[in-house]
Visitor: 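Attaching a single structure in structure tokens format; questions to follow.
Note: hydrogens, waters and symmetry copies are ignored here, and every other heavy atom, side chains too, is used. Each chain gets a letter, A, B and so on, in the order its sequence line appears, and its residues count up from 1.
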Amino acid sequence: MPQDVYNKLMMLAKRRGFIYPSFEIYGGVAGFYDYGPLGSQLKHNIETIWRQFYLLKDSCVEIHTPTITLYEVLKASGHVEEFTDLTVECNKCKHAFKVEDLVKAGVSAEEAVQNGDVSCPDCGTTFTEAHPVNLMFSTYIGIGTGRPAFLRPETAQGIFTNFHLLYRYCREKLPFGVIQVGKGFRNEISPRQGTLRQREFAMAEAEVFFDPENKNHRNFPDVKDKILYLFDNEKEMKLSLKDAVDQGVINNQALAYYMYLTQDFLLTVGINPKKFRFRKHGGDELAHYARECWDAELLSERFGWVECVGIADRSAYDLTAHIDASHVDMYALRKFPTPKEITVKKVLPNMGKLGPLFKRKAGAIQKALEAMTTVPKHPLILTIDGQKISVPSECYEVVETIEKQVGERFVPHVIEPSYGIDRIIYFVLEHSFEEIQKKDEEYRVLHLDPRVAPLKVGVFPLISDERLVEQAMDIDRLLRDALLTTFYDEGGTIGRRYARMDEVGTPLCVTVDHQSLEDLTVTVRDRDSTEQDRVPVDTLIAYLKKRLG
RNA sequence: GCGGAUAUGAUCUAGUGGUUAUGAUAGUGGCUUCCCAAGCCACUUACCCGGGUUCAAAUCCCGGUAUCCGCACCA
């Protein structure tokens with residue numbers, strides 16, 4: 001089989017300590033990968049830049065919530081329902097199927113099984129028992145009568161369940177954004193595509209809360225003329241943010257702004273602009289919670305266009321769901337320019353009369369009366385528990401009060417940029433990978449941006465002469481004290497050591513040679529051009545930091 | 001999950017029932033004192049797992065696992 005970029009890259013990644021298949025000594029498990037020493041640093045650098053974008057360029061705040069998530073949270077959010085498939089298992093041949101796949105379109109899966117209409121396509125045995133299978137990892141908190149829980153399929157719910165606290169933290173002003181960087185878990189039926197579909201994966205999400213009547217963004221004017229790379233499933237187009245919003249291609253400023261932030265981020269960490277686009281979701285592929293969604297897609301030589309970031313308008317879906325389920329006040333307040341005074345008529349129940357008259361039903365009647373928004377007619381007939389009850393007028397009185405309203409309550413809308421970090425890491429590697437022929441040999445270079453490169457500077461003595469070694473080690477120490485991640489290497493020929501650094505994407509190499517002993521200068525070699533500068537040691541740190549950006 | 005293919009050191013690979021399991025690359029130590037994977041010497045590392053057939057299995061058969069290619073799934 002000819003080796004494609006994916007194969008070559010994954011071999012390099014394993015050999016050089018970026019990515020390893022997990023549990024390999026026990027045969028490995030699909031959908032799990034370890035990050036080695038260099039992969040961990042690369043991931044760390046990418047996440048650090050991501051935080052700079054969301055905490056500094058934008059003004060989000062960061063939180064951390066548990067990966068183990070209570071059943072009730074995901075029940076309320078719709079994940080328990082939407083994530084479940086009814087499945088059957090054949091007792092005879094042990095094959096498992098989704099019932100949906102075995103019945104005709106439009107037929108209820110549950111009914112079909114109950115009626116004995118579903119049989120095994122492999123051996124013909126009729127299925128009598130179906131059980132729901134959820135694509136989330138489930139567990140219990142505590143033992144015995146522990147509370148059911150799942151490993152979270154997204155970090156977002158941890159933000160939604162804290163909304164009321166965060167709203168207060170942000171001084172009860174919209175919009176505000178909250179980020180979380182962490183792990184998510186999905187028990188994929190059959191993960192393929194290597195590291196692109198993992199069962200445990202790193203994600204970085206932002207939930208930005210807006211007043212639904214104003215989805216403008218404060219930074220929008222600064223970037224309105226920047227160009228977005230868009231694809232509407234038919235043609236690719238380049239539009240400025242302003243034009244995209246004005247023409248209705250993108251629904252609102254907030255979506256457009258976070259799309260630009262995403263584009264800027266991806267290009268900063270080293271994604272090839274020619275292998276990047278935004279694609280709008282069609283109505284049939286929208287998630288259960290989403291209203292409009294744009295994916296940032298990256299082009300892989302093997303896998304084609306792959307979704308790496310989703311930017312969704314989740315509207316009020318999640319907060320509404322949690323308000324309904326938990327009854328916690330997660331409303332925001334839209335203040336009026338000046339408070340309004342409204343005369344309202346209220347029905348005040350007279351419990352002294354109601355109690356003796358209706359006994360047990362008095363409580364329900366009290367609630368019904370208090371909930372009334374119009375002045376009751378005589379005689380007042382209420383329907384309590386399906387029973388019509390006539391309430392005499394002495395049981396309540398109608399009072400007129402003046403209520404002061406400072407604003408109106410509403411459920412905020414949320415714009416969610418959600419990043420698959422592992423996918424981005426893969427693409428940063430694939431897009432920076434280059435293989436060239438050098439003297440009949442394949443020579444591999446990772447053109448990583450200096451900001452994401454796990455190692456910044458290689459430090460070598462030209463030869464293993466004691467005096468050169470000593471000076472090289474001193475320089476290595478000097479650079480580390482200046483917070484530069486270095487790699488000291490004195491093994492093998494100088495060419496081999498340069499090659500090793502090129503293969504892991506180290507942007508610069510410092511070499512100590514005989515001249516260095518005389519005039520305290522070193523050579524600095526550039527990864528991409530292989531050109532060398534001779535630099536005095538006393539200005540080396542400033543020189544390197546400038547070159548590294 | 002279905003169908004097909006594949007599985008030998010870190011990587012690529014030879015090996016068609018009996019080998020001390022082939023070679024190369026990489027790695028490590030040394031020599032060389034050298035600016036782009038040079039050379040020389042030495043060394044480390046492998047038959048995916050479990051059953052079966054056979055006097056004898058890396059090799060044949062069955063099952064599992066993983067990977068790859070289609071299909072399905074991918075909130």
Visitor: Any chance you could list the contact pattern along nucleotides 38-44 of chain B? Use B for base contacts, S for sugar-phosphate-only contacts and - for none, protein heavy atoms under 4.0 Å, 5' to 3'.
Guide: B------
Visitor: Is a side-chain N or O of A:Lys43 found less than 3.5 angstrom from the main chain of A:Ile421, in a donor-acceptor match?
Guide: no
Visitor: Between the base of B:rC74 and the side chain of A:Glu188, is there any donor-acceptor pair under 3.5 Å?
Guide: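 Not at all, since no donor on one side and acceptor on the other fall under 3.5 Å apart.
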Visitor: Distance from A:Ile271 atom CD1 to A:Cys308 atom SG, nearest 0.5 Å?
Guide: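 Result: 7.0 Å between the selected atoms.
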Visitor: Taking the P atom in each of B:rU22 and B:rG30, what is the distance between them to the nearest angstrom?
Guide: 28 Å
Visitor: Would you mind telling me which residue lines up with the more 5' stretch of RNA chain B, A:Arg199 or A:His514, judged by nearest nucleotide?
Guide: A:His514
Visitor: Can you sort out which residues in residues 499-508 of chain A have a heavy atom within less than 4.0 Å of RNA chain B? Ascending by number, please.
Guide: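 Output list: A:Ala499, A:Arg500, A:Glu503.
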Visitor: Under 4.0 Å, heavy atoms only, any strand: does A:Phe23 hit a base, just the sugar-phosphate, or nothing?
Guide: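 Nothing: the residue A:Phe23, judged by heavy atoms under 4.0 Å, touches no strand.
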Visitor: Taking the six-membered ring of A:Trp305 (Phe, Tyr or Trp), confirm whether the NZ or CZ of A:Arg277 is under 6.0 Å from its centre and within 45° of its axis.
Guide: yes
Visitor: Can you list, by residue number, the residues of residues 414-431 of chain A that have a non-hydrogen atom closer than 4.0 angstrom to RNA chain B?
Guide: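 Contacting residues: none.
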Visitor: Who are the ring pair (Phe, Tyr, Trp, His ring centres under 6.0 Å) partners of A:Phe278, not counting sequence neighbours?
Guide: A:Phe276
Visitor: Quick one: ring pair (Phe, Tyr, Trp, His ring centres under 6.0 Å) pairs with a partner in residues 497-549 of chain A, sequence neighbours left out?
Guide: A:Phe460-A:Tyr498
Visitor: According to a 3.5 Å limit on both distances, what stems of 3 or more consecutive Watson-Crick or G-U pairs are formed with RNA chain B?
Guide: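 Correct response: B:1-7 with B:65-71, B:10-12 with B:23-25, B:27-31 with B:39-43, B:48-52 with B:60-64.
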